[in-house]
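Order of the sequence lines sets the chain letters (A, B, ...), proteins ahead of strands, with each chain counted from 1.
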Amino acid sequence: MDISIIGAGVMGLCVATEITARGGKVRLYDREPVIGGHACSWWAGGMLAPHCEGEAAEEPVVRLGLEAANWWDKHAGGVARNGSLVLALGRDGGELKRFARRTDGSRQLDADEIAQLEPDLEHRFNTGLFFASEAHLSPRDALISLSENLQNNGVTIETTLPHPNTKTIDCRGLSASDVLTDLRGVKGEMLILKCPDVTLSRPIRLLHPRIPIYIVPRGNGVFMLGATMIESTDRDRITARSMLELLSAAYALHPAFGEAEILEIGVDARPAFPDNMPRIRKRSPVVYANGLYRHGFLLAPAVARMTADFIFNGTSSELMDEN
Amino acid sequence: MRAFYGIILDTPLMLGTAQYPSPKILADAFKASHASVATVSLRRESGRKQAGQDFWSLIRDLGVHILPNTAGCYTVKEAVTTAHMAREVFNTPWIKLEVIGHTDTLQPDVFALVEAAKILVKDGFEVFPYTTEDLVVAEKLLHAGCEVLMPWGAPIGSGQGLNNLQGLRSLRAYFPDTPLVVDAGIGLPSHAAQAMELGYDAVLLNTAVAKAGDPAQMAQAMALAIEAGQTAATADPMEPRDMATPSTPVIGKAFLT
């Protein structure tokens, strides 16, 4: 069975990997021959944190997200299973209580326990939440790894699109809004900082009623700081306000971030459906897998599995809303 | 019923559209709340290219009156520019005028508010000013041409309820013909009911619903409370008394001892 996959972002690469692993033959298409910043997953945080996401997401995000860490470990490697830490500054203590109520799988830490986990945060926070089972990865390393493995299986990224009548899985993300009219963009802005003065071992979420941020360690003193969520399809530039908010929050987490170098500024728009849940849609001869929203690395494995189930066995899944 | 620039609202609830977990949940909350007005912010989503269109069309699909706001504006100029943009995007003269004076409390800058209101009224807008419960500021806003007043209950997003009951009561007594809306600070249905009991014409809230664990359920609770408060206000509530007044007959008992 020959299947064309359009889009070599996290969705397309995961579907290609899943189908190849099951013995299927795929061809992969993208407008660029090399994976990179034209895919919004390139700018992702890479948190595999289903429980934390459950604070605001629908139930399937938590359940399906639990598959992610093992899938990535198996197909790309590089998964760090150090949990996630959720913190709030003194006067935002109520946010922490709410977060604990709205999620499962955490335990409350006191100042000493926080310092044990993250020595650089000693004396900075009196209380926090620890989600021990959660994980994170470096999105770019993971995407490159999937792409290399596919290459070793003879799948390279082609830039001339397949014939329209070919059996196709469309994983174009927001670009597919020409066909999927209920798809919208949610702008995200992020920074990559170099700050050798701070060492962190796990993603930290800093709760704030207006400006919640997270910071994900990438190793070697490099951190990903993200991410804004703005109802806008704009993907051109970061605003001064977003930059100020992100940096102020990092500074509040640890003042040493004031001395950080800004290595990169990332801006893109996430593809999302009205309930912010992914969808698989069959409109013959095309199957669409899209709408990963802010859960690209968390949900792409489950969506890829369900898409492959459909391709191989015709099995419909809970994310399928058109067949 | 007092009219808002000639419009009689079906229900006295104005619901904000920010901070919901998803547009789907936002729509569910609107259905459950029977809100008649949706407030929507343009400042951040707009950019230069109206890149917020996707979200705005979801708001239009709610099928209620749209009240765009100037949330996040700190100066007269920003607020006026945003108001003009809002009129273009939503094709409505309505504008909820918000000029913030203090980043931390999001307290309105009432001086800039009055100035911006004057400009916008001259430009043909129907201004809904977000203000404090200050009587003198309220007078100046009416003098500037505003026909609605929206005093705060408490700081935006704080959920503290009505911090200055007496102030809100004075406004109601002082401006019997002006539509009054408690805007901001509502955290619980009881706060919303209280605002309606004071004889206010509507309540505007957002965070209390959007940040509830179940926004649609909280929206419904707000709708019930608002209806209760409004019904009570028109039922001529009793006057509070200093002494207990038994509601059963006391004849035959030694009540004069």
Legend entry - Heavy atoms of other groups near Glu227(B) CD, more than 12 under 6.0 Å: no
Inset, instruction - Taking all non-hydrogen atoms of both residues into account, name the closest pair between Pro21(B) and Ala56(A) and its distance. - result: CB-O, 3.1 Å
Legend entry - Results of ring-ring contact (aromatic ring centres under 6.0 Å, His included) for Tyr288(A) - residues two or more places apart only: none
Inset, instruction - Count the heavy-atom pairs under 4.5 Å between each of Thr207(B), Leu58(B), Ile25(B), Asp104(B) and chain A, then report the option with the highest count. - result: Asp104(B)
Legend entry - Atom pair OH (Tyr293(A)) and OG (Ser22(B)), whose distance is rounded to the nearest 0.5 Å: 8.0 Å
Legend entry - Contact check, side chains of Gln53(B) and Arg184(A), non-hydrogen atoms, under 4.5 Å: no
Legend entry - Enclosure of Glu264(A) CD (heavy-atom neighbours >12, cutoff 6.0 Å): yes
Legend entry - Over 12 foreign heavy atoms within 6.0 Å of CG, Asp61(B): yes
Legend entry - Nearest heavy atoms of Lys211(B) and Arg98(A), plus distance in Å: O-NH2, 2.5 Å
Inset, instruction - Considering only heavy atoms, give the residues of residues 181-198 of chain B separated from chain A by less than 4.5 Å, sorted numerically, with 'none' for an empty result. - result: none
Legend entry - chain B-proximal positions within residues 170-183 of chain A [heavy-atom distance under 4.5 Å]: Leu183(A)
Inset, instruction - Identify the two heavy atoms, one from Glu231(A) and one from Pro23(B), that lie closest to each other, and give their separation to 0.1 Å. - result: OE2-CG, 4.4 Å
Legend entry - Contacting region of Leu106(B) [heavy-atom separation from chain A under 4.5 Å]: side chain
Legend entry - Over 12 non-hydrogen atoms of neighbours within 6.0 angstrom of CG in Asp321(A): yes
Legend entry - Sequence-distant partners of Asp275(A), salt bridge (charged side-chain N to carboxylate O under 4.0 Å, His left out), two or more places apart: Arg279(A)
Legend entry - For chain B, the option from Met277(A), Lys187(A), Arg91(A) that forms the most heavy-atom pairs under 4.5 Å: Arg91(A)
Legend entry - Heavy-atom neighbours of Tyr5(B) OH exceed 12 at 6.0 Å: yes
